[in-house]
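Everything quoted here is computed from the prediction, not taken from an experiment.
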Amino acid sequence: MSTPYPFTAIVGQDDLRLGLLLNAVSPAVGGVLVRGEKGTAKSTAVRALAALMPEVDVVSGCRFSCDPASPDPACPDGPHEAGGGVSRAARTVELPVGASEDRLVGALDIERALAEGVKAFEPGLLADAHRGILYVDEVNLLHDHLVDLLLDAAAMGASYVEREGVSVRHAARFLLVGTMNPEEGELRPQLLDRFGLTVEVAASRETDQRVEVVRRRLAYDDDPAGFAARWADEEGTLRERIVAARALLPQVTLGDRALRQIAATCAAFEVDGMRADIVMARTATALAAWAERTDVLAEDVRQAALLALPHRRRRNPFDAPGLDEDKLDDTLEQNSGEGDGGGDDPDPDGPGGGGQPPREDGPDTPPQPEAGDGDTPGLPSQGRPAGGGEQQPVRAAEPFRTKMLSVPGIGEGAAGRRSRARTEHGRTTGARRPEGLLTKLHLTATVQAAAPHQHARGRTGRGLVVRRDDLRQATREGREGNLVLFVVDGSGSMAARQRMGAVKGAVLSLLLDAYQRRDKVGLITFRGKGAEVALPPTSSVDTAAARLETLPTGGRTPLAAGLLKAHDVLRVERLRDPSRRPLLVVVTDGRATGGPDPVALAARAARLHEAEGTASVVVDCESGVVRLGLAGRLARDLGGTAVTLDELRADSIAGLVRDVQGTQGTKGSNGSNRRAA
């Protein structure tokens with residue numbers, strides 16, 4: 001077994017260490033989500049915490065780590081006699097990103113359950129983590145239904161496994177720690193709220209601190225055991241402090257003044273629900289115990305707010321987590337007295353000092369586009385040279401709810417909410433013989449397969465004689481997430497300020513839709529002399545929105561270059577993730593300039609996508625009285641669909657919800673070409 005890096009040897013990262021230690025003192029805080037860039041000791045700190053956790057007493061031979069002092073009466077390995085037991089170190093269980101539901105919650109032996117009526121249960125990772133640490137690296141990349149399962153178990157302290165009427169319940173109380181890199185995508189706000197605390201980590205910019213990090217890491221790599229021995233005294237002291245804080249915790253008093261400050265703070269920052277109030281109260285109590293006090297002070301409430309509230313203020317993927325500390329201080333001061341003193345008239349507009357808060361404060365809502373009556377009638381580029389110089393980026397208009405765009409056919413990609421797919425979760429559509437481990441039993445099909453053989457198998461009683469060959473796996477249909485690749489025209493013909501603001505608003509709306517439907521997104525822009533990949537395919541929709549915001553405009557319109565660049569990106573992605581089907585979204589007025597016969601070149605590039613069955617949609621940005629219909633012609637060459645900016649809106653009466661169609665009929669990838677009802 002490798003020697004873990006000592007927790008006390010970690011340089012800096014004060015918030016990270018404090019958040020982990022508070023959960024070690026009081027697991028009821030609800031876990032901690034660690035957000036930060038790669039290489040910031042997130043995983044190192046979590047694994048190092050395990051060595052500080054006090055040992056636990058468990059019932060000998062119990063797979064569910066029951067406490068011998070109060071064994072779980074519903075334990076599947078029970079019943080247990082109280083008393084006795086053995087001591088062992090608290091476990092740290094890691095949940096890999098590719099884990100299945102059965103690996104997480106455990107699995108029943110369906111064959112024995114049907115044939116013998118026996119609850120033969122194989123525990124999962126939730127059982128292994130009971131009374132220890134459950135660590136989820138890259139939790140933002142975990143499937144949503146798995147995140148829901150582990151957060152439900154963490155909240156209830158128990159895990160429930162249901163399979164065709166057979167159920168098993170076991171205790172599952174653990175310290176939940178998740179780490180993530182925001183550049184790889186965000187968690188939904190609903191899931192963020194389920195983590196008790198969140199901390200932001202970043203590499204230090206101080207030279208001396210970075211030098212010390214490197215020095216200690218090199219010393220550890222050269223001699224892990226010797227390095228750990230040099231920090232053994234500090235580790236022992238910290239372990240004893242955790243034990244003492246745990247013992248003191250029940251004696252800590254949360255007074256009315258502290259409760260009022262907690263409630264007023266949550267209300268002032270408009271946090272949804274009451275979970276934040278409860279988490280703040282538990283965190284402030286743990287902070288007091290950690291400081292060897294039995295009363296909660298205002299400084300505990302302030303620190304609890306900084307740990308428990310920033311991620312709960314995030315309501316959409318384009319909001320940055322953060323907290324205005326000036327507003328926090330004002331709220332605490334206004335509610336610092338006993339009773340109602342000073343707390344009846346909070347400033348609804350927040351602090352008035354105008355100082356720059358140390359963290360970002362809430363959503364960066366883009367302003368409305370400049371007032372005007374629309375574009376100048378006539379051709380979009382009239383009055384502007386085709387090869388005009390670069391113009392300043394235009395802010396996006398307010399996003400709106402878009403129509404549903406989906407890929408035709410039935411895929412088998414990652415779970416999501418856009419296109420039809422065969423998934424582990426969804427409505428049952430049929431049955432098949434299982435390939436490998438049976439996960440979803442189709443009971444009717446299993447009985448039908450076993451029924452004709454009962455006489456030959458010597459059945460004499462009422463029970464059905466079931467063999468493994470009789471078992472049938474349920475096939476289910478749900479929704480998948482797709483790769484939505486945006487190809488955005490940033491040329492001079494799109495550069496009218498109000499028009500480009502509307503175009504960016506439309507793309508921002510599609511990005512928000514992609515976030516809600518669990519898609520990966522990519523962004524290609526073309527202008528001037530060529531095209532560039534502004535953002536390679538990623539799950540980080542907010543990064544795509546940030547790149548879009550700074551998109552410059554001006555110059556010629558190399559439409560063919562944009563389509564060819566998209567073809568290269570999709571070719572690589574098909575090799576990297578063949579099960580994720582692409583949706584190409586081209587945002588343009590259809591014009592093509594530069595080089596010999598640019599229109600014909602663009603048409604040939606479009607037909608490359610059509611030949612590979614890529615589902616596509618062209619968002620027609622042409623405006624004015626005179627319309628050339630070039631975007632519609634491009635859509636036909638792509639074998640896709642054209643929609644105007646107005647038709648893209650979900651509340652528009654100009655069109656209906658539609659599938660994005662390919663021209664090949666059944667040639668579309670992974671299934672038939674069917675229109676939505």
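Salt-bridge formation is detected for the pair Arg216/Glu212: a Lys NZ or Arg NE/NH1/NH2 atom is positioned less than 4.0 Å from an Asp or Glu carboxylate oxygen. Looking at Arg418 and Asp513, a side-chain N of the basic residue comes within less than 4.0 Å of a carboxylate O on the acidic one, giving a salt bridge. Salt-bridge annotation for Glu573 and Lys520: present, with a side-chain N of the basic residue lying under 4.0 Å from a carboxylate O of the acidic one. Comment: Arg217 engages Asp221 in a salt bridge, judged by a side-chain N to carboxylate O separation of less than 4.0 angstrom. Salt bridge status for Glu138 with Lys42: absent, with no side-chain N to carboxylate O gap under 4.0 Å. One finds no salt bridge joining Arg302 and Glu299 here, because no Lys/Arg side-chain nitrogen approaches an Asp/Glu carboxylate oxygen to under 4.0 Å.
Each of Val177, Leu150, Leu33 was scored for a side chain to side chain contact (heavy atoms under 4.5 Å, CB included) with Val136, with one residue passing: Leu150. Partner Asp300 forms a salt bridge (charged side-chain N to carboxylate O under 4.0 Å, His left out) with one of Arg282, Arg257, Arg293 and no other, that one being Arg293.
Looking only at side-chain heavy atoms (C-beta outward), Thr265 and Leu309 come within less than 4.5 Å of each other. Two residues are said to be in side-chain contact when any heavy atoms from C-beta on lie closer than 4.5 Å; Asp14 and Arg17 meet this criterion. Looking only at side-chain heavy atoms (C-beta outward), Arg131 and Asp67 come within less than 4.5 Å of each other.
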For residues 224-236, tabulate all N or O donor-acceptor pairs below 3.5 Å that involve a side-chain atom, not counting sequence neighbours.
unit_1	atom_1	unit_2	atom_2	d
Glu235	OE2	Phe7	N	3.1
Glu235	OE2	Thr8	N	2.8
Glu235	OE2	Thr8	OG1	2.7

| said: Please determine whether side chain to side chain contact (heavy atoms under 4.5 Å, CB included) holds for the pair Arg422 and Glu477, giving the CA-CA distance in whole Å, both sets of side-chain angles, and the decisive distance to 0.1 Å. | reply: CA-CA 5 Å; Arg422 299 180 186 91; Glu477 183 176 309; 6.0 Å; no
Q) Hey, mind stepping through His80 and Cys75 against side chain to side chain contact (heavy atoms under 4.5 Å, CB included) and telling me if it holds? A) CA-CA 8 Å; His80 302 300; Cys75 176; 3.5 Å; yes
Would you check, one step at a time, whether the test side chain to side chain donor-acceptor pair (under 3.5 Å) holds for Gln13 with Asp15?
CA-CA 6 Å; Gln13 308 295 15; Asp15 287 346; over 6 Å; no
Practice prompt. Take Ser65 and Arg91 through the side chain to side chain contact (heavy atoms under 4.5 Å, CB included) test and state the conclusion after the steps.
Written response: CA-CA 10 Å; Ser65 303; Arg91 293 173 178 158; 3.7 Å; yes
- Message: Between Val279 and Arg312, is the side chain to side chain contact (heavy atoms under 4.5 Å, CB included) condition met? List the steps.
- Response: CA-CA 11 Å; Val279 171; Arg312 292 187 164 86; 3.8 Å; yes
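A donor-acceptor pair under 3.5 Å links the side-chain atoms of Asp72 to the main chain of Ala74, judged by distance alone. For Thr253 (side chain) and Gly255 (main-chain N/O), no donor-acceptor pair under 3.5 Å exists by modelled atom type. Of the possible donor and acceptor atoms, none in the side chain of Arg479 sits under 3.5 Å from a partner among the backbone N and O of Arg417. Under the 3.5 Å distance criterion, the side-chain polar atoms of His311 are matched with a main-chain donor or acceptor of Phe195. At least one donor-acceptor pair under 3.5 Å links the side chain of Glu480 to the backbone N or O of Gly413. Under the 3.5 Å distance criterion, the side-chain polar atoms of Arg239 are matched with a main-chain donor or acceptor of Ala51.
Ser539 and Arg518 share no side-chain donor-acceptor pair at under 3.5 Å. Under 3.5 Å, the side chains of Thr179 and Tyr135 contain a donor-acceptor pair of N or O atoms.
Closest heavy-atom contact between Leu254 and Ile262: CD1-CD1, 4.3 Å. Nearest heavy atom pair, residue Asn335 against residue Gln261, reads O-CG, 3.2 Å. The two atoms that bring Arg205 and Arg210 nearest to each other are NH1-NH1, 3.8 Å, heavy atoms only. For Leu49 against Leu175, the heavy-atom pair with the smallest separation is CD2-CD1, 4.3 Å. Scanning both residues, Ala263 and Asp277, for their nearest heavy atoms gives CA-OD2, 3.6 Å. Residue Asn482 comes nearest to Arg580 through the heavy atom pair O-NH1, 3.5 Å, listed as atom of the first residue, atom of the second, then distance.
Applying the ring pair (Phe, Tyr, Trp, His ring centres under 6.0 Å) criterion to Phe64, with sequence neighbours excluded, gives His170.
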